[in-house]
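Scroll down for the structure; my scribbles are underneath it.
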Amino acid sequence: MPELPEVETTRLGLSRLVKEKKIVEVIVRQRNLRWPIENGFEDQLRGNTFTKLSRRGKYLLFHSKRGRMMVHLGMSGSLRVVSSRSNIRKHDHVDICFDDSSVLRYHDPRRFGSFFWLAPKQIHRLLKNLGPEPLSKHFDGNYLYEIAKRRKVAVKTLIMNSSIVVGVGNIYANEALFLSGIRPDRLSSSISKQRYKGLVSQIKRVLNSSIRSGGTTLRDFVREDGQPGYFKQRLFVYGRGELGCKNCKKLLQETRINNRSTFFCSRCQT
DNA sequence: CGACACACCTGGATGC
DNA sequence: TGCATCCAGGTGTGTC
């Protein structure tokens, strides 16, 4: 999936294309996503209009007068706006059709994504335990250090825990640890406050930088217009297992932490 | 409470 | 060509 930059890229791109249009039809071809799409979901949308598109972590929230549609893209989901209802591909699970004949179309081969309808003021249970936004001022070195010193996990596992901070997935966790010179397998409680300040600023930097490039496309992520993101070319470690460190040329190490691919330079990261 | 394995699902790459 | 195996951007749930 989509990590935070890809979700934000989707939000920015979709916003003007879905707002202030009347929804005339909703077609759900596959209800069995990560959680089944509830019966009645379509009825909440039909005749409705999106007024605003926001994001919490990796969840997109489509606001309307009657409530909000909450969407998660899972590992392989993407949303785009197409000009007509035709040309349906395999794994196009949801169509939201507007009165100008454009269609907001959800595509997701692995079906780890999800769609929910939220009543006004309802806070979904999946949003209740989320940590701060990584790009907000609430996420800083002091905050992360205070949590880290009480935990006994690898620092990479720490920053990928959405109850501590949202939006840092496997790609950007690898990148931010490289940029701040911290080995991903270091025990969270063994790292100084100063180094956490550096880590936090690199997390913010890499996420912002990727949003500006339209996110990272590895295989199937596409933006709202069907174009890939261009941040892949600027990755320092993720997916570069056989290659040398871009900084010192030493061969990168590849390992697994929490069963996720992990890349680092044993010279530049300590 | 924290740590961790496992679950959900398809498709692409790789190896025999 | 076919089949088995492994791996992939996430994260909630259950168990200890």
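Just so we're on the same page: letters track the sequence lines, and every chain starts at 1. The analysis underlying the following values was restricted to heavy atoms, covering all of them including side chains, and did not include hydrogens, waters or symmetry mates. Keep in mind it's a predicted model, so treat the numbers as computed, not measured.
Per the geometry, CZ belonging to A:Arg110 stands 10 Å off P belonging to C:dG10, to the nearest Å. Protein atom NZ of A:Lys90 is 9 Å distant from nucleotide atom P of B:dT10, rounded to whole Å. For A:Leu187 and B:dC4, the CG to P distance is 10 Å, given to the nearest whole Å. Rounded to an integer number of Å, the gap from NE2 of A:His93 to C1' of B:dT10 is 9 Å. Atom pair A:Asn174:CG and C:dG10:P shows a separation of 10 Å (rounding to whole Å applied). Atom-to-atom, CG of A:Asn258 to P of C:dG9 comes out at 12 Å; the value is rounded to the nearest Å. A straight line from CG of A:Asn32 to P of B:dC8 spans 13 Å, rounded to a whole angstrom. In this structure, A:Glu3 atom CD and C:dG10 atom C1' are separated by 9 Å, rounded to whole Å.
Looking at heavy-atom distances under 4.0 Å, A:Arg111 makes contact with sugar-phosphate atoms alone, never a base. A:Thr216 comes within contact range of at least one nucleobase, with a heavy-atom separation under 4.0 Å. The residue A:Leu33 sits apart from the nucleic acid: no heavy atom pair falls under 4.0 Å. Among the atoms of the strands shown, none is found under 4.0 Å from any heavy atom of A:Tyr172. No engagement by A:Lys232 is indicated, since no non-hydrogen atom pair under 4.0 Å with the nucleic acid exists. Nucleic acid contact class of A:Arg150 (heavy atoms, under 4.0 Å, all strands): none. Residue contacts shown for A:Phe231 are absent, as no nucleic acid heavy atom lies under 4.0 Å away.
Only the P atoms considered, C:dT13 is 15 Å distant from B:dC9, to the nearest whole Å. Here, B:dA5 and C:dC7 have their P atoms 15 Å apart, quoted to the whole Å. Atom name P, nucleotides B:dC6 and C:dC6: the rounded distance is 14 Å, in whole Å.
Nearest to the side-chain atoms of A:Val153 among the listed nucleotides B:dC9, B:dC4, C:dG12 stands B:dC4. Taking only side-chain atoms of A:Leu218, from C-beta outward, the nucleotide of C:dG10, C:dG12, C:dG9 with the closest atom is C:dG9. In this structure, of B:dG11, C:dG12, C:dT11, it is C:dT11 that holds the atom nearest to the side chain of A:Arg260. Here the nucleotide nearest the side chain of A:Arg125, chosen from C:dG10, C:dG9, C:dG12, is C:dG12. Each of C:dG9, C:dC7, C:dG12 was ranked by its minimum atom distance to the side chain of A:Arg256; first place goes to C:dC7. Minimum atom distance to the side chain of A:Met75 is reached by C:dG9, of the listed B:dT10, B:dG11, C:dG9. Side-chain proximity of A:Lys58 to C:dG10, B:dC9, B:dG2: nearest is C:dG10.
Between A:Arg111 and A:Asp108 there is no salt bridge, since none of the side-chain N atoms of the basic residue sits less than 4.0 Å from a carboxylate O of the acidic one. Ion pairing between A:Glu133 and A:Arg55 holds under the 4.0 Å rule for side-chain N and carboxylate O. Of the charged side-chain nitrogens involved, at least one lies within less than 4.0 Å of a carboxylate oxygen, so that A:Arg31 and A:Glu42 count as a salt-bridged pair.
Under the stacking definition used here (centres under 5.5 Å, planes under 30°), the residue A:Phe112 qualifies as stacked on the base of B:dC8.
Judged by distance alone, the side chain of A:Asn174 and the main-chain N or O of A:Asn170 form a donor-acceptor pair under 3.5 Å. A donor-acceptor pair under 3.5 Å is absent between the side-chain atoms of A:Arg195 and the main chain of A:Leu199, judged by distance alone.
When Watson-Crick and G-U wobble pairs are counted only if both distances are under 3.5 Å, B:dG12 pairs with C:dC6.
Between A:Leu14 atom CG and A:Leu60 atom CG the span is 7.5 Å, to the nearest 0.5 Å.
Less than 6.0 angstrom separates the ring centroid of A:Phe115 from the ring centroid of A:Tyr106.
The shortest distance between the side-chain N/O atoms of A:Arg34 and the OP1/OP2 oxygens of B:dC8 is not below 4.0 Å. Using a 4.0 Å cut-off, some side-chain N or O of A:His72 falls inside it from OP1 or OP2 of C:dT11.
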